[in-house]
Amino acid sequence: MQSKLFIANWKMQKTFAESIDFCSSNLSALKKLSAQTDTEIVLCPSFPVIYSLNEQLADTMVHVGAQNCSPYISGAYTGQVSAQSLKEIGCNYCIVGHSEQRKYENVTDKDVAMAAKNLCDQEIEPIICIGETEEQFQKNEAINALESQLDFVLSALKNTKQPITIAYEPVWAIGTGVVPESAYLKKIFQHLSAIFSNVHSGPWRLIYGGSVSEKTMSSFKDIPSLAGFLVGSASLDFPKFEKIVLLGK
Ligand code: PGA
């Protein structure tokens with residue numbers, strides 16, 4: 001069985017100094033956690049931290065990822081960061097299409113697909129976030145919303161043999177403390193796995209994100225194809241994150 005993936009999405013919640021301090025204070029515990037649980041742990045700090053965090057974690061099995069990547073390869077795109085730069089600073093994973101990027105930075109499905117393709121070309125595993133809004137959920141339109149978010153991604157990545165991860169993050173579950181019911185999650189995961197098994201030629205896995213915490217972990221038992229978790233606020237505190245890894249491994 002493949003080991004479970006746990007991604008800590010620190011968003012803009014920790015400064016440079018706080019991120020470095022998180023790792024130095026918890027270095028041996030992090031090392032032990034990933035080794036003993038045989039899990040894949042990825043910490044995603046903000047851009048300026050990636051290089052230093054990677055150095056700090058060099059002799060551990062813990063990885064460092066980014067929270068976003070440009071849809072463009074290079075050029076006059078002020079404020080953007082390319083997949084190649086991420087590779088050069090030792091980044092092996094990158095979140096793309098997070099709902100906060102879609103909402104605040106107007107990132108489109110096409111941008112997400114282009115960024116994911118650039119990442120695969122650099123052998124960085126994209127963590128592609130998709131999820132329905134509260135309104136789509138209420139109107140029973142989740143499946144349609146997810147399929148439409150995936151349209152560009154599936155065609156942009158159709159020839160890639162690089163591993164990709166899809167993070168199903170219902171927008172209404174992010175930061176709310178509310179998680180989908182198990183039957184609902186099963187339905188969504190079954191549907192997404194059917195899409196990827198039928199259409200995608202390279203390796204893929206599905207993870208869940210949105211209010212993952214020690215308290216909600218019991219909701220995620222027995223979900224077929226659930227390969228890990230994208231954790232926001234509960235990843236900011238090491239003991240909380242550690243409990244999630246131990247419960248979900
Ligand atoms: P949350 O965030 O765990 O705080 O709900 C998850 C995310 O935004 O990826």
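Hydrogens, waters and symmetry mates play no part in the numbers below; they use all other heavy atoms, side chains included. Note that ligands are numbered from 1 as they come in the structure, with each ligand's atoms numbered from 1 the same way.
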Q: Looking at ligand 1, does G175 have a heavy atom less than 4.0 Å from it?
A: yes
Q: Tell me the protein heavy atom at minimum distance from atom 3 (O) of ligand 1, and give that distance in Å.
A: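 Checked against all protein heavy atoms, atom 3 (O) of ligand 1 sits closest to G232 N, 2.9 Å.
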Q: For ligand 1 and T176, I'd like to know whether there is a polar contact (N/O to N/O, distance under 3.5 Å).
A: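 No.
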Q: Given K161 and S201, is the side-chain hydrogen bond (donor to acceptor under 3.5 Å, both in side chains) satisfied, shown in steps?
A: CA-CA 7 Å; K161 295 285 178 271; S201 54; 3.3 Å; yes
Q: Mark the output for G210 as yes if a heavy-atom distance to ligand 1 is under 4.0 Å, and as no if none is.
A: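 G210: in contact with ligand 1 (<4.0 Å).
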Q: What's the shortest distance from atom 4 (O) of ligand 1 to any protein heavy atom, and which residue and atom give it?
A: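 Answer for atom 4 (O) of ligand 1: S233 N, 2.9 Å.
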Q: Does either side chain, that of D109 or that of Q149, offer a donor lying less than 3.5 Å from an acceptor on the other one?
A: no
Q: Please walk me through it: do F229 and Y208 pass ring pair (Phe, Tyr, Trp, His ring centres under 6.0 Å)?
A: CA-CA 5 Å; F229 299 91; Y208 170 81; 7.0 Å; no
Q: Looking at every heavy atom in both E132 and L146, which two are closest together, and how far apart are they?
A: N-CD2, 4.1 Å
Q: Just which atoms of ligand 1 are under 4.0 Å from any heavy atom in H98?
A: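 The atoms of ligand 1 under 4.0 Å from a heavy atom of H98 are 7 (C), 8 (O), 9 (O).
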Q: To check you understand the geometry: which heavy-atom pair defines the closest contact between S19 and V49, and what is its length?
A: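 Reported closest heavy-atom pair: CB-CG1, 3.4 Å.
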Q: Give a yes-or-no answer on whether the side chains of T133 and Q136 include a donor-acceptor pair shorter than 3.5 Å.
A: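 Yes - a donor-acceptor pair under 3.5 Å links their side chains.
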Q: Test of understanding: given a 4.0 Å heavy-atom threshold, classify the contact between N9 and ligand 1 as side chain, backbone, both, or neither.
A: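 Within the 4.0 Å criterion, N9 contacts ligand 1 through side-chain atoms alone.
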Q: Looking only at protein heavy atoms, identify the closest one to atom 9 (O) of ligand 1 and say how far it is in Å.
A: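 Protein heavy atom at minimum distance: E169 OE2, 2.7 Å.
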